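The structure under discussion appears below in the form of structure tokens.
On a predicted model such as this, the values are computed, not experimentally measured, just so you know.
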Amino acid sequence: MTTTRTSATRPPMTSLRRHSLAAGVLYLITFVSIPTLALFAPALAPGFIVGPGPDTPILIGGMLEVIVALAGIGTALALYPVVRRQNEGLALGFVASRTLEAAMIFAGVVTLLAVVTLRQAGVGAEGAITAQAVVALREWTTLLGQGFIPAMNALLLGTLLYRSRLVPRVLPIVGLIGAPLLVASDVGVLFGFWEPVSTVTGLAAIPIALWEFSLGVYLVVRGFRPAPITAGLTASADRVTL
């Protein structure tokens, strides 16, 4: 007698799919920072240091940015085992760039928390100059950490994904187009042609935001396309021997 056993469990997830799913989810998590522009507004106002607050929105915004920084590092770590097969140097550069971006975000959060601490300590008008210096430091870390470095991320990862064809080429093309636009926008802010928060900077940031969001959605929904460089990752990590 021959007994046939039918398994109702779904097939094991491949290593390649785990990497794409993790990277996609982490990319989408980075968008939790969208409300921080409004949450941080009170701390950036000139009279915050001598006013009554509020502190809670700033603390919430700081927590969100910490999440974003950690998720950013996570995207690079999740993608590295895959994209290093295309070019290990560029892949390492992407990990380093993402890590540097996270460090700049952390620095920006620390500056805002320092402003909150000064206000709570009751330094009053005497601490206004110190508060302005700390806020200026926040503005520069934001310009570099969330302007120039994301552009570098797009150039590195966009090049890797475009060459490897792991995702539709239109996705990295958006990132590769958005990178110089973002750099140009930041250069304009650097030389005082427009304000850090303006129509120009907002429009220049759209392609990079679209690139990262669409990449996250694609990796979650579809995963990587089959490619020669991923042949060793397509086999299931969990093999069942009967």
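- For Arg138, the salt bridge (Lys or Arg N to Asp or Glu O under 4.0 Å) criterion is met by Glu65, not counting sequence neighbours.
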Could you walk me through whether Thr14 and Arg17 satisfy the side-chain hydrogen bond (donor to acceptor under 3.5 Å, both in side chains) test, starting with their C-alpha distance in whole Å, then the side-chain angles of each, then the deciding distance to 0.1 Å, before giving a yes or no?
CA-CA 5 Å; Thr14 65; Arg17 182 60 179 136; over 6 Å; no

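- Thr230 contributes no side-chain N or O that, together with a main-chain N or O of Pro226, makes up a donor-acceptor pair within less than 3.5 Å.
- Enclosure of atom CZ in Arg84 by more than 12 non-hydrogen atoms of other residues, nucleotides or ligands within 6.0 angstrom is indicated.
- In plain terms, the two heavy atoms of Pro81 and His19 that are nearest each other are CG-CE1, 3.5 Å.
- Using a 4.5 Å heavy-atom threshold, the side chains of Phe48 and Leu44 count as separate.
- Of the options Leu143, Thr142, Val135, a side chain to side chain contact (heavy atoms under 4.5 Å, CB included) to Glu139 is made by Val135 and by none of the others.
- Between Val115 and Ile49, the shortest heavy-atom distance links the atoms O-CD1, 3.9 Å.
- Using a distance-only test at 3.5 Å, with no hydrogens or angles considered, no donor-acceptor pair links the side chain of Thr75 to the main chain of Leu26.
- Of all the heavy atoms in Pro150 and Glu101, the pair that sits closest is CG-OE2, 3.7 Å.
- Across all non-hydrogen atoms, the minimal contact from Ala204 to Leu181 is CB-O, 3.8 Å.
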Please step through side-chain hydrogen bond (donor to acceptor under 3.5 Å, both in side chains) for the pair Tyr80 and Glu88, ending with a clear verdict.
CA-CA 8 Å; Tyr80 176 75; Glu88 188 167 6; 3.2 Å; yes

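- Judged purely by atom type and a 3.5 angstrom limit, Ser97 has no side-chain atom pairing as donor or acceptor with the backbone of Gly93.
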What do the steps show when you test Thr99 against Val95 for side chain to side chain contact (heavy atoms under 4.5 Å, CB included), and what is the final call?
CA-CA 6 Å; Thr99 304; Val95 173; 4.2 Å; yes

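- The two residues Ala23 and Leu219 make their nearest non-hydrogen contact at CB-CD1, 4.0 Å.
- Taking all atoms of both residues into account, the shortest heavy-atom contact from Leu156 to Phe94 is CD1-N, 3.6 Å.
- Residues Phe213 and Phe31 bring their aromatic ring centres within 6.0 Å.
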